[in-house]
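These numbers come from a predicted model, not from an experiment. What's counted below: heavy atoms across the whole structure, side chains too, no hydrogens, waters or symmetry copies.
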Amino acid sequence: MIKKEIAMYSIKRLVLGSAVLGLLCMSLNVNARDVTSSDKRFLKNAAESGNYEVEGSQLALKKSKDADILKFAKMMTEDHTQAAAKVKDLAAKRNVELSKEPSLIQQAKLKYLETKEGTKFDKSYAAGVGVAAHEQTIKLFEDAAEDATDPEIKKFAADTLPVLKKHLEEAKRIDAKVNKDD
């Protein structure tokens with residue numbers, strides 16, 4: 001009788017231990033998803049691009065007097081801050097470390113932009129942070145929407161594209177207005 005109880009107790013422990021081990025493996029799999037190098041690169045580049053556009057737009061909010069530039073810069077700051085939160089969440093779930101700053105090239109562009117004043121600032125901001133940055137960002141997001149292997153990253157990229165295209169359209173309109181004399 002005692003041997004039977006010991007055997008039943010051992011079987012219960014074995015089953016319970018297996019269940020715990022299975023749950024642990026499942027949770028590790030969910031929390032530390034395998035992510036391809038191209039998906040990692042997308043998350044990192046998306047974060048840097050967002051940082052660049054937010055920092056450039058914050059600069060515009062301080063330096064510009066043009067109503068269209070100010071309205072656009074406010075929209076950039078709000079929309080790209082929201083997108084940055086989503087990128088950060090996607091990266092955290094995949095243990096991908098993101099930069100909190102623009103790339104070195106983007107930082108240099110911001111330093112250059114800082115030296116501009118008045119209409120020269122507005123022209124540089126509209127062309128650089130508005131048009132050029134959005135053209136590059138749209139390309140980055142189109143590639144991820146098409147080629148990302150992680151379904152959440154792919155969906156995020158595809159869902160963000162319409163907003164980016166709206167930004168580019170508005171940036172082109174502002175650029176044409178402020179650079180009409182050139």
task: Locate the shortest heavy-atom distance separating Leu140 from Ala46; write the atom from each residue and the value.
output: CD2-N, 3.6 Å
task: State whether the side chain of Ser64 and the backbone N or O of Ala60 hold a donor-acceptor pair below 3.5 Å, judged by distance alone.
output: no
- prompt: What do the steps show when you test Phe121 against Thr115 for side-chain contact (heavy atoms from CB on, under 4.5 Å), and what is the final call?
  reply: CA-CA 8 Å; Phe121 174 86; Thr115 67; over 6 Å; no
message: Looking only at the side chains, is there a donor atom on one of Asn51 and Ser99 sitting less than 3.5 Å from an acceptor on the other?
response: no
- prompt: According to the interplanar angle, ranging from 0 to 90°, do the rings of His80 and His167 count as parallel (below 30°), tilted (30 to 60°) or perpendicular (above 60°)?
  reply: tilted
message: To the nearest 0.5 Å, what is the distance between OG1 on Thr137 and CD on Glu48?
response: 11.0 Å
message: Looking at every non-hydrogen atom in both residues, tell me the closest pair between Ala148 and Asp39 and how far apart they are.
response: CA-OD1, 3.2 Å
Side-chain donor-acceptor contacts of residues 66-75 below 3.5 Å, not counting sequence neighbours, with atom names and distances?
residue: Asp66; atom: OD1; partner: Asp68; partner atom: N; Å: 2.9
residue: Asp66; atom: OD1; partner: Ile69; partner atom: N; Å: 2.9
residue: Asp66; atom: OD1; partner: Lys177; partner atom: NZ; Å: 3.2
residue: Asp66; atom: OD2; partner: Lys177; partner atom: NZ; Å: 2.9
residue: Asp68; atom: OD2; partner: Lys177; partner atom: NZ; Å: 3.0
residue: Lys74; atom: NZ; partner: Glu78; partner atom: OE2; Å: 2.6

- prompt: Once you round to the nearest 0.5 Å, how far does NZ of Lys93 lie from CG of Leu43?
  reply: 11.5 Å
task: Give a yes or no on this: more than 12 heavy atoms of other residues, nucleotides or ligands lie within 6.0 Å of atom NZ of Lys40.
output: no
query: Under 3.5 Å, is there a donor-acceptor pair between the side chain of Lys63 and the main chain of Gly118?
result: no
- request: Over all heavy atoms of both residues, which pair between Lys123 and Asn179 is shortest? Give the atoms and the distance, please.
  value: CG-OD1, 3.0 Å
- prompt: When you check the gap from the basic side-chain N to the acidic O, do Glu169 and Lys166 get nearer than 4.0 Å?
  reply: no
Presence of salt bridge, Glu135 and Lys165, under 4.0 angstrom: no
- prompt: Do Ser49 and Gln136 get their side chains close enough for a donor-acceptor pair, meaning under 3.5 Å?
  reply: no
Note, Thr77 side chain near Gln58 side chain (heavy atom, < 4.5 Å): yes
Reported CG-to-CD distance for the pair Asp122 and Glu117, which is rounded to 0.5 angstrom: 10.5 Å
task: Mind listing the closest non-hydrogen atom pair of Ala157 and Ala144 along with its distance?
output: CB-CB, 3.7 Å
query: Are Lys44 and Glu97 close enough for a salt bridge, meaning some N to O gap below 4.0 Å?
result: no
query: What is the distance from atom CD of Glu142 to atom CG of Asp147, rounded to the nearest 0.5 Å?
result: 11.0 Å
message: Please evaluate residues Val96 and Val35 with respect to the criterion side-chain contact (heavy atoms from CB on, under 4.5 Å), reporting the C-alpha separation (whole Å), side-chain torsions for both, the decisive distance (0.1 Å), and the verdict.
response: CA-CA 9 Å; Val96 175; Val35 61; 3.8 Å; yes
- prompt: For the atom pair CZ (Phe42) and CG (Asp143), what is the distance rounded to the nearest 0.5 Å?
  reply: 9.5 Å
- request: Examine Ile138 and Val54 and state if one hydrophobic cluster contains both, with Ile, Leu, Val, Met, Phe, Trp and Tyr joined whenever side-chain heavy atoms are less than 4.5 Å apart.
  value: no
field: Spatial distance of atom CG (Leu113) from atom CG (Leu59) [nearest 0.5 Å]
entry: 5.0 Å
Closest contact, heavy atoms only, Lys116 versus Ser124: CE-OG, 3.7 Å
- prompt: Is the closest basic N to carboxylate O distance between Glu152 and Arg94 below 4.0 Å?
  reply: yes
- request: Examine Val87 and Val163 and state if one hydrophobic cluster contains both, with Ile, Leu, Val, Met, Phe, Trp and Tyr joined whenever side-chain heavy atoms are less than 4.5 Å apart.
  value: no
task: Take Lys154 and Asp150 through the side-chain contact (heavy atoms from CB on, under 4.5 Å) test and state the conclusion after the steps.
output: CA-CA 6 Å; Lys154 189 174 204 147; Asp150 184 301; over 6 Å; no
message: For a quick check under 3.5 Å, do Ser57 and Tyr125 share a side-chain donor-acceptor pair by atom type?
response: yes
- prompt: Are the side chain of Gln106 and the backbone of Tyr52 linked by a donor-acceptor contact shorter than 3.5 Å?
  reply: no
- request: Count the heavy atoms belonging to other residues, nucleotides or ligands that lie under 6.0 Å from NZ of Lys88, then report whether that count exceeds 12.
  value: no
Test side-chain contact (heavy atoms from CB on, under 4.5 Å) applied to His134 and Leu164, step by step: CA-CA 7 Å; His134 279 90; Leu164 294 171; 4.2 Å; yes
